[in-house]
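Encoded as structure tokens, the structure appears first; notes follow it.
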Amino acid sequence: MSKVETTRIPEKKLIQDFTVIQNIRLNARHFILELQSPDQLPGLFPGQFVQVLVEHSPSTFLRRPFSIHEVNKENRSIRLLIQIKGHGTETLSHIHILDKLNLIYPLGNFFTTGDCKKVLLAGGGCGVAPLLFLAQELNKKGIRPIILTGWKTKADIFEAEKYQQYGELLITTEDGSEGEKGLVTQHSIFRKEKLDFERIYCCGPDPMMKAIGKISKTHGIDCEVSLENTMACGFGVCLCCVTPTIHGNQRVCTEGPVFNTNEL
Amino acid sequence: MSKVETTRIPEKKLIQDFTVIQNIRLNARHFILELQSPDQLPGLFPGQFVQVLVEHSPSTFLRRPFSIHEVNKENRSIRLLIQIKGHGTETLSHIHILDKLNLIYPLGNFFTTGDCKKVLLAGGGCGVAPLLFLAQELNKKGIRPIILTGWKTKADIFEAEKYQQYGELLITTEDGSEGEKGLVTQHSIFRKEKLDFERIYCCGPDPMMKAIGKISKTHGIDCEVSLENTMACGFGVCLCCVTPTIHGNQRVCTEGPVFNTNEL
Amino acid sequence: MDLSVNIGNLRLKNPVMTASGTFGYGEEYLDFLDVSQLGGMVVKAVTSSNRDGNPYPRMAETPSGMLNSVGLQNKGVHHFVQEIYPRIKDLNTAIVVNVSGSTLEEYVEVAEKINELNNIPAIELNISCPNVKHGGMAFGTNPRIAAEVTASVRKVFRKTLIVKLSPNVTSITEIAKAVEGAGADALSLINTLLGMAIDAESQKPVLSTVTGGLSGPAIKPIALRMVWQTSQCVHVPVIGMGGIMNTTDAIEFLLAGASAVEVGTANFINPAVTTQIIKGIESYMQRHKVNTVKELTGALKIK
Amino acid sequence: MDLSVNIGNLRLKNPVMTASGTFGYGEEYLDFLDVSQLGGMVVKAVTSSNRDGNPYPRMAETPSGMLNSVGLQNKGVHHFVQEIYPRIKDLNTAIVVNVSGSTLEEYVEVAEKINELNNIPAIELNISCPNVKHGGMAFGTNPRIAAEVTASVRKVFRKTLIVKLSPNVTSITEIAKAVEGAGADALSLINTLLGMAIDAESQKPVLSTVTGGLSGPAIKPIALRMVWQTSQCVHVPVIGMGGIMNTTDAIEFLLAGASAVEVGTANFINPAVTTQIIKGIESYMQRHKVNTVKELTGALKIK
Ligand SMILES: Cc1cc2nc3c(=O)[nH]c(=O)nc-3n(C[C@H](O)[C@H](O)[C@H](O)COP(=O)(O)OP(=O)(O)OC[C@H]3O[C@@H](n4cnc5c(N)ncnc54)[C@H](O)[C@@H]3O)c2cc1C
Ligand SMILES: Cc1cc2nc3c(=O)[nH]c(=O)nc-3n(C[C@H](O)[C@H](O)[C@H](O)COP(=O)(O)OP(=O)(O)OC[C@H]3O[C@@H](n4cnc5c(N)ncnc54)[C@H](O)[C@@H]3O)c2cc1C
Ligand SMILES: Cc1cc2nc3c(=O)[nH]c(=O)nc-3n(C[C@H](O)[C@H](O)[C@H](O)COP(=O)(O)O)c2cc1C
Ligand SMILES: Cc1cc2nc3c(=O)[nH]c(=O)nc-3n(C[C@H](O)[C@H](O)[C@H](O)COP(=O)(O)O)c2cc1C
Ligand code: FES
Ligand code: FES
């Protein structure tokens, strides 16, 4: 099967005021924003991200990038899953329903889908953000993925039911309070003699992505990771977000955020 | 009678988080914040001001000074009357009930009271802010002042009933839609052969204060004006707020904001 | 209302340009605005051959600003001439190429090649990049060397020669006069200020290169001061930049003595900001009853 | 935990000082904090005789910063010795006098008089004030002159001599080395950057003096860079400042190479900030298992 999606012509990038229609607190450090567009949404693909203008935060000068977590076409809304890291995300966590949020989107490339049947989605902590959207899109193509997520402890886990809807959910916790004990990369699934996935999609902390990349290579499995380099623009002009690839320095915001580990 | 108040030892300055208990919109450009202290209020005197920390406004770096508009000792609350000028005051206008606001106070000197019986309070626009507190204090000393206020047009007038409670309210509007037509300084009261006030208190735009100062001089009346020089600190250390006086450059935040026009 | 300005022989339809390194080659902005509305567009630095730039991380956010240490990443002048120029040459705005290098010869080589391109009416000689080990800023902080590279490029470049000055100097006017004397048609300033960011928790510099160039509103007061000082001591037009985020900022630079402005970092936050500033200048002129934007240049009232 | 640091012969109980011109004579802060907790306090500039300073307006708010053009307003060294010194001498913190002037002789005269005051263990020689027409910054932007004034003051001042450097220079290290060579016991940096603000509506400069000195977080990246560069090229201790608003900022300066820090503009916004920073440094040391604050100086990890 050919890589249909990657040849799609990217949609026009937009600067748009969205309306906050939900602000759901998941736990002390995570929340979901649901944002509604005044217009029809353009074509959006899993792995793509938005650049959010954070007003009212004196120490936030640049926009903040977030992956698209879910899309609701009928409602013209998207969801972002956000971890509170610093002042920017802290300020966003206090945003009120009906407040406006200015977005530049859709940005970046996206995960390859439609050419593989047996796939694994692996995410650590907030790295799960783009994987829900990905699982949903895979479902639409008749693929039910295995979704492996890693957490510190049981109390940190969120949206488990959602993931279970779209795939088989595996869990690791660092303290063993739920699922297998250990890191994502230590899950028993990787201890099989021969991993039979056609592709692994991965998103999370750098060391995790590196480890999963290595495992994939050993087993000859295609592997796509989503990087989170710091960004100034998000649409390809500042050249601040580059990552070294076999093709030289490439922009994570434009040639990425999704890279095949063969290219890194 | 001696100038009792001016020899009072100033109270200790405090840095304190107040709770916003009211945010009353008066019109498109003016609002009142009522702020409650966790502790008993220190002694406060008309003419004194507070320095407000404006959070959530990226373009507001320094604190913003506002006169004390009213004091409610029992309720441990003070009121500020604020005109929306730029980003700082705009941000304050959107503050929510129960939000905290950090204040440094009480700052500055205050109007002389208690040594005169027949007095005039003259304020233009937002310059009325300290005059309500002053009128109330005068009342406590058995003095019912004449309060002359100037506005652009009738629709701009606010708190008229309040002022009437504490004195005889005279009004000028630039378009004549209420009271006498013209500026404060053009009010017929000043056209008397001999003005018989013992003191005029004045607060408003610079040209108005200059004009009232001149009138006072002509009639040999004591005149106190409250200046609004831009400030960096508000408590006497930066030396940014100085005004030339007969004693050399003096700090409006410390030797002022109230000055006797004889000294300017 | 006349918004046009002249920079040497170059006529801009309005005084609003984009700053090098913040607008790519213009193509990246086609979704956001109509590039043909711009007074001009200074494209990303071009050097004689391919440069990978500095390693990641290249960016640090700072109070009201950012540091970058991109380091002139580009595919070289040959690639620019062959691949990029044909794609952008008909964008219908004044396209200015930012010419950079590590040696005098490199500047001359690039300028010579750009001189051949019909639809490039001007170059901006970048003798002020703080992010390259050799050359760059070193050329722009010594009046003698700045004059030398200007004169050498002047010999081979026949169109409008703008020289971009570094703010990392004791006397901007000394450099400005030297460069003017060596044949510059215009000066643009300021490039970024050399700065540094540290992550206190990891105890490491944020940038791979330790230091980088500071841009954004944080530097506006310094930029305004330098534009004011410079425009008073040279006869050639000055293009002002540094922290312009909106119309008011742009007007301030004109009043301080700039004939045109470049908008840099602001494009990252609001990619349509330049066209909004052009409209904003028009309404400012209406409000202040100014007929030609040139009247605003240096109109600052100092008693 | 040991927070003490040495600046020449001067021992500070901790590395947090207040910056000249932002802390008055300390008295103004007695309502807000216990001054005796401070490592040190640099008082407002003292000149040989009374100065009125510049006319109002002297202040402009800028993005993450402010401009001031106070211009050394003070009542002169005689008044300081007679009136102020007796009031503050027992505040139980290291009191450093910021010595300013328009001529070499003036610096020497003031330093001589301060030398006589028992409870003043150090002066900070201000050769970097951008807000006086003659002298001030001019002394601090030329290495030869900077060395000359340092050497002259060194002859008459027997206690700790700190020299405060101007950031408005091409090479801070060149000045630093010159001043060190002339006998400075320590260097403090940075003073304010020369900037300017314009009111676009009135088309006038905001400051009566047109230009003024930029301080606050906006300048922190530049200050950090200069402290880093300077501390690597001199052997005397460096006192770092410029935009310190909180503990993290202070730690950054220590990591970059500062032995102590001065907090300036932040005092206006949070008058108790210095004591909060002292506590913050303690918890940072605990968290990072550092026993003496001196270990943090220059501890930046550069691979
Ligand atoms: C393409 C992309 C997609 C992303 N998707 C999501 C998402 O779906 N959900 C989510 O919660 N976050 C996501 N992130 C990360 C998110 O953008 C940052 O956490 C956010 O910008 C932090 O902003 P702040 O102001 O709260 O923190 P800051 O104050 O800016 O930073 C706090 C701390 O985090 C570090 N930090 C900030 N951004 C990054 C980064 N990109 N990489 C490494 N360290 C960083 C800083 O150095 C600092 O130490 C994504 C990032 C990228 C580039
Ligand atoms: C002692 C004192 C008491 C005050 N009392 C009150 C009060 O009771 N109610 C009230 O509404 N305001 C009062 N003010 C004025 C008030 O502080 C300013 O309007 C406010 O700081 C503006 O902040 P901003 O961020 O909204 O506007 P900014 O964005 O800071 O300024 C908007 C515009 O107003 C100008 N401006 C700002 N502050 C001043 C000033 N102090 N003098 C002259 N021009 C200025 C600016 O130059 C700019 O053009 C007082 C000022 C002082 C010094
Ligand atoms: C990411 C980035 C890259 C830059 N690259 C260049 C460059 O290649 N050549 C150049 O002359 N200036 C470059 N600059 C400097 C800008 O053109 C401009 O001089 C500076 O950013 C100040 O303007 P600003 O505050 O509006 O951004 C760059 C600036 C940034 C932020
Ligand atoms: C209002 C004001 C007055 C100042 N006066 C002096 C002074 O008299 N002598 C001096 O050496 N520095 C003076 N400075 C500079 C500060 O001491 C300090 O070097 C500078 O503000 C940078 O630090 P900051 O960003 O923490 O304020 C002054 C700064 C301000 C803001
Ligand atoms: S963030 Fe600017 S190029 Fe990627
Ligand atoms: S505002 Fe600082 S001295 Fe008055």
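Bear in mind that the values here come from a model prediction, so they are computed numbers and not experimental data. Letters A, B, ... are given to chains in the order of the sequence lines, protein chains preceding strands, and every chain is numbered from 1.
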Portion of Leu254(D) that has a non-hydrogen atom of chain C nearer than 4.5 angstrom: neither
Examine whether an atom of Ser166(C) lies under 4.5 Å from a heavy atom of chain D, and if so say whether it belongs to the side chain, the backbone or both; otherwise answer neither. neither
Just wondering, more than 12 heavy atoms not from Gln276(C) lying within 6.0 Å of its CD? yes
Between Leu67(D) and chain C, with a heavy-atom cut-off of 4.5 Å, which part of the residue counts as in contact: side chain, backbone, both or neither? side chain
How far apart are the closest heavy atoms of Ser64(D) and Ser64(C), and which atoms are they? OG-OG, 2.5 Å
Mind checking the CZ-CG spacing from Arg225(D) to Leu194(C)? Nearest 0.5 Å is all I need. 4.0 Å
Under 4.5 Å from any heavy atom of chain C - which part of Gln229(D): side chain
Tell me, side chain or backbone of Val210(D) under 4.5 Å from chain C's heavy atoms, or both, or neither? side chain
Which region of Tyr284(D), side chain (C-beta onward) or backbone (N, CA, C, O), has a non-hydrogen atom less than 4.5 Å from a non-hydrogen atom of chain C, or is it both or neither? side chain
Under 4.5 Å from any heavy atom of chain C - which part of Leu214(D): side chain
Is the closest side-chain heavy-atom distance between His288(D) and Glu201(C) below 4.5 Å? yes
What part of Ile251(C) is in contact with chain D, defined as an atom under 4.5 angstrom from a non-hydrogen atom: side chain, backbone, both or neither? side chain
Taking C-beta and beyond as the side chain, do Trp228(C) and Ile198(D) meet within less than 4.5 Å on heavy atoms? no
Ala223(D) versus chain C, heavy atoms under 4.5 Å apart: side chain, backbone, both or neither? neither
Counting only heavy atoms closer than 4.5 Å, note whether Thr248(D) contacts chain C via side chain, backbone, both or neither. both
What part of Ser208(D) gets closer than 4.5 Å to chain C, counting heavy atoms only: side chain, backbone, both or neither? neither
